[in-house]
Amino acid sequence: MTYTDRELMVIAAAREIGDGELIFVGMRLPLLAFALAKRTHAPRALGLFENGIVRESPAPETPFTISDPPNIAGALWSTTTGNIMALLQQGLVDMGFIGGAEVDRYGNLNTSYIGDWKRPKVKLPGSGGGGDIASLATRFVIIMPQEKHRFRERVDYITSPGHGDGRDWRRKVGLRGGGPSALITTLAMFRFHPDTKEAYLVSFHPGQSVESVRAQTGWDLKVAADVGPTPEATHAELEIVRSCDPQGFWTR
Amino acid sequence: MTYTDRELMVIAAAREIGDGELIFVGMRLPLLAFALAKRTHAPRALGLFENGIVRESPAPETPFTISDPPNIAGALWSTTTGNIMALLQQGLVDMGFIGGAEVDRYGNLNTSYIGDWKRPKVKLPGSGGGGDIASLATRFVIIMPQEKHRFRERVDYITSPGHGDGRDWRRKVGLRGGGPSALITTLAMFRFHPDTKEAYLVSFHPGQSVESVRAQTGWDLKVAADVGPTPEATHAELEIVRSCDPQGFWTR
Amino acid sequence: MNRERAVKSYPGRPDCVPARPRSILGFVSKLTSLKDAVARFVPDGASVCLGTGLEAVIPFAAGHEIIRQGKRDLTLIGPISDMLFDQLIGAGCCRKVVAAWVGNVIAGLGHNYRRAAERGVPHPIEVEDHSNFTLALGLLAGSLGAPYIPTRSLLGTGILESNRSLKLATDPWSGEPVVLVPAIVPDVSIVHVQRSDAEGNCHLWGTLGVSREAALAARAVIVIAEEIRPREQILADPNLVLVPSLKVAAVVHEPWGALPSPCQGFYGRDHDFFMRYHEESRSPEGFRAWLDKWVLGVPDWKGFLDLLGTETLERLRVKEHHLSDPLDYGAR
Amino acid sequence: MNRERAVKSYPGRPDCVPARPRSILGFVSKLTSLKDAVARFVPDGASVCLGTGLEAVIPFAAGHEIIRQGKRDLTLIGPISDMLFDQLIGAGCCRKVVAAWVGNVIAGLGHNYRRAAERGVPHPIEVEDHSNFTLALGLLAGSLGAPYIPTRSLLGTGILESNRSLKLATDPWSGEPVVLVPAIVPDVSIVHVQRSDAEGNCHLWGTLGVSREAALAARAVIVIAEEIRPREQILADPNLVLVPSLKVAAVVHEPWGALPSPCQGFYGRDHDFFMRYHEESRSPEGFRAWLDKWVLGVPDWKGFLDLLGTETLERLRVKEHHLSDPLDYGAR
């Protein structure tokens, strides 16, 4: 059974969700990943949304944005953005998903400025809740398309803090959250070294190889000793993903 | 038509309320004063209550406490204590009423400790919202029984700040509210000197005199040049007060 | 055991990142008896926030159960607390009070509070003086996971001297003085609400006071509800939900559980009860007699209500109902 | 004239004690046309908070009227703003943006925002970068009348560098670094709600975002309502009232006024409209054409709805109604 990179990204993301965990979800692929996890290995996971929503189960039909009425009806709680972010700052949120325009070897994300922020080449939309999730969640997972120009040795601007310049940078700057635990791209999957906190390749998606992934990475990429193909998407997983995205708006 | 000291206190307090003003009301006599003002010269005044209530009109029957259900039904707003106090800190509240166990010549109030707070002779209930009203309201009015031992040269402990040690003390300590504008007692009425900020006698209630009031004041009392009897309670005023306190629970 | 951790007491200033109440998460029913809820989630030495609705929805049923179980060394946190803190102090349950006002609102002073603070009877207590605003801000900071919140209230007062938890500082923008109020994080907050489901998704309306901040700031929440409703009925209005149920450790169905304080839409205030308590608690012996009759002399809240009598309940019961307009959460 | 004072624009960091909107107080009807409300309460140079419900209840009707009236030098304040800020920037109304995210949520980048920030087209704008949390905390501080609120978010980020309004400081208790977020006090906040009375006592439910903090922090509030209801119906649920009406300067009855964003219980999101805007606004000419058609080419919101067409409205209208359980506010 064939599937798209995005479908595999959703499935890989879902596998990062533990049962009973509090997950800061957000839009697009993470929303599908949350729906998948709930219907497979994490039935007791809870989803948080920055518009003020806590949901036990995803909306019956996948909303385009987190504020679409179907995402509010049937919520466990509909409160203020501040009260949701407060759960992050209280240290209660186990994991959050973040995307980015640029990432570097330590998992720092830039969604603000390409080039010098004083005279930007490109003005990106900004943090949204990304900077808060990256700062405060117990761990976070990065989901983004992989292209060499997006995978930088050093990002121009840190919007969402990863591991800074590595090692105990987060502790030194006073960040309480644990930082990025995984990086899921259109080509591969990365984790972060427990000591150096540098991203390393753990698996490549179908049709990819260590070399093809390295070719789309803007730094001298470290590779796991046991690197191999990303675990296949199962038939059951794909059926759920497709039932949540029948038009393939997100995953095609 | 005869009336009690407390009835006159209510009437004098009501006269301190301006039309269209935001008034931090509280319990007991101030609640009656607010009801009276609304039905006479200040129909557009609004009442705030520290349990989270904003009312346009007093409850149909005078409640024993501000949290009795009749004080919530028909409110303009029922919110948190914090949101009500926030209106104070925003500088939007024109006047608040405060009582006290002890007051001094500069209108500082003590409702916390008689004697040294480390080894108190008497432990009083504490600030409640009094310290906040005194700190933050544009002005406040003190209502309390007058006895020599309660009218101290200097209070043992400042719970609700008046004019400190006088002059520009409030500005020096950083208080934004204007401080006490009037002191209404069972015997008389006082105001505060615009420069020295010291309380001085402006009028005495029926049966009292400058001397009798001075005899119940614990400091060398200043007296207004035009001191005289407190303006009489009118028949109309008394009828309203008595209709709000038919059992005389508060005013007898 | 995990549950114990969720309400473990922290010495000194509460850490403003509460322990994750892991075992509390999940969708099992949390319905339990008041006895069990207090036994499990109000350990000796815990900091307990209650009386968050000011003069309304005071969880007297829970307070009396705490007394019956002889809890000790509690830190009581609440804005004005009305008569409840005075009872807990007189019964010897309390080591420290963090409050803006302690007494009997309608009658004035709290006799047990005075005896404890002035003469160490039944034993000495520590008092942390607040105003209603600084207590609300401390709980708000706790609910935000923020270390503190600055305010311009209480500048120049004795409270800054007697309450060592408050710090004087300078607003770095204006250079003006501010008071920093540190986060208050109760080990457990006990809130009385009109209705809840079995998981702790609950609705509170009428007087809020500091109930929301107290519930969000706490490491664990005990919900005492007048009514237990099916989940769909509660989640039909998710904006009204007081606190996410993942914070709730126990749900107790205890009708009339706030008496003699009022509960909007259910019952009014029993004014006379407060007045009688004030008279009867003037002496330690008088208070002891009151306690023996109303708390220790009955096995549970049902026993209290029986003593109070059905006539009183009938008199206090709300008879004129005023219903709000329903909200349409329709989505398609 | 007093009214003008209530929305007077303050240079630099907003003072966190708003001017008392005196003339706003009092119980006259504040019902007015959107035209008048924008003309009187959104002066050139004002700081305006809108789009407080994140992707829902975005006051597009008000935004389009601001463009039609050619307002200039506005400071736009909002968390994610979706498409609205991009439109106001492209139309040349905006001097400064205070936001966590500016673009088109469903489609990504905001073309006008990019042109203005990268090339000064139609003219340069100042950007104050926030996260959703720091923006919410800034408005919360404003609503509290507090000068600032500390947070542990954004430590080590570029936002602390590019947003000079944020200060790095030390928690005096733990000695750990914190970010101080100064109070944000909009001259006027524009909130879209389901229902309001003529005085501005209003009910908002569904997605709240930062709507409450924004309304409480502002010097004045413009309420845009789907329905105008009699006062008794609104005050039958005083806990749901968003902001005390004394803060409200104007009440505008503008059904469908949040389209193409959704409004819980009334209508869904017009997804296609956002996608089409993204395509059509790629070039300045394309945006101009879009603006001429949808905003400048119509006299008012009614005109916009006519262009949109009744089929679209019918498609978006909520047809499955889910009503909440009424609340009993009975008191005796």
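We name chains A, B, ... by the order of the sequence lines, and we start the count at 1 in each one.
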Exercise: identify the closest heavy-atom pair between [X] and [Y]:
{"X": "C/Val178", "Y": "D/Tyr148", "value": "CG2-OH, 3.9 Å"}
{"X": "D/Ala236", "Y": "C/Ser324", "value": "O-CB, 3.7 Å"}
{"X": "D/Gly330", "Y": "C/Gln264", "value": "O-NE2, 3.8 Å"}
{"X": "D/Tyr329", "Y": "C/Gly206", "value": "CE2-N, 3.9 Å"}
{"X": "D/Pro150", "Y": "C/Pro150", "value": "CD-CD, 4.4 Å"}
{"X": "D/Asp171", "Y": "C/Pro147", "value": "OD2-CB, 3.3 Å"}

Please classify the contact between [X] and chain D as side chain, backbone, both or neither, with a heavy-atom cut-off of under 4.5 Å.
{"X": "C/Asn239", "result": "side chain"}
{"X": "C/Leu316", "result": "neither"}
{"X": "C/Leu204", "result": "neither"}

Examine whether an atom of [X] lies under 4.5 Å from a heavy atom of chain C, and if so say whether it belongs to the side chain, the backbone or both; otherwise answer neither.
{"X": "D/Leu208", "result": "side chain"}
{"X": "D/Tyr267", "result": "neither"}
{"X": "D/Leu137", "result": "side chain"}
{"X": "D/Leu180", "result": "both"}

Step by step, would you call C/His203 with D/Asp325 a side chain to side chain contact (heavy atoms under 4.5 Å, CB included)?
-> CA-CA 11 Å; C/His203 287 171; D/Asp325 246 34; over 6 Å; no
Output yes when a side-chain donor or acceptor of D/Glu320 lies under 3.5 Å from a complementary backbone atom of C/Arg332, and no otherwise.
-> no
Do D/Trp205 side-chain atoms and C/Asp328 backbone N/O form a donor-acceptor pair below 3.5 Å?
-> yes
Most contacts with chain C, counted as non-hydrogen pairs under 4.5 angstrom, among D/Pro262, D/Gly268, D/Pro238, D/Pro172 | D/Pro172
For chain C, which of D/Lys319, D/Gln233, D/Arg195 has the most heavy-atom pairs under 4.5 Å?
-> D/Arg195
C/His253: ring-ring contact (aromatic ring centres under 6.0 Å, His included) partners, not counting sequence neighbours = none
Report yes if some heavy atom in the side chain of D/Leu327 is under 4.5 Å from a heavy atom in the side chain of C/Gln194; otherwise report no.
-> no
Pick from C/Leu323, C/Leu240, C/Ile149, C/Asp237 with the largest number of heavy-atom pairs that fall under 4.5 Å of chain D = C/Leu323
Evaluation steps, side chain to side chain contact (heavy atoms under 4.5 Å, CB included), between D/Leu144 and C/Leu140 | CA-CA 11 Å; D/Leu144 290 172; C/Leu140 178 61; 3.7 Å; yes
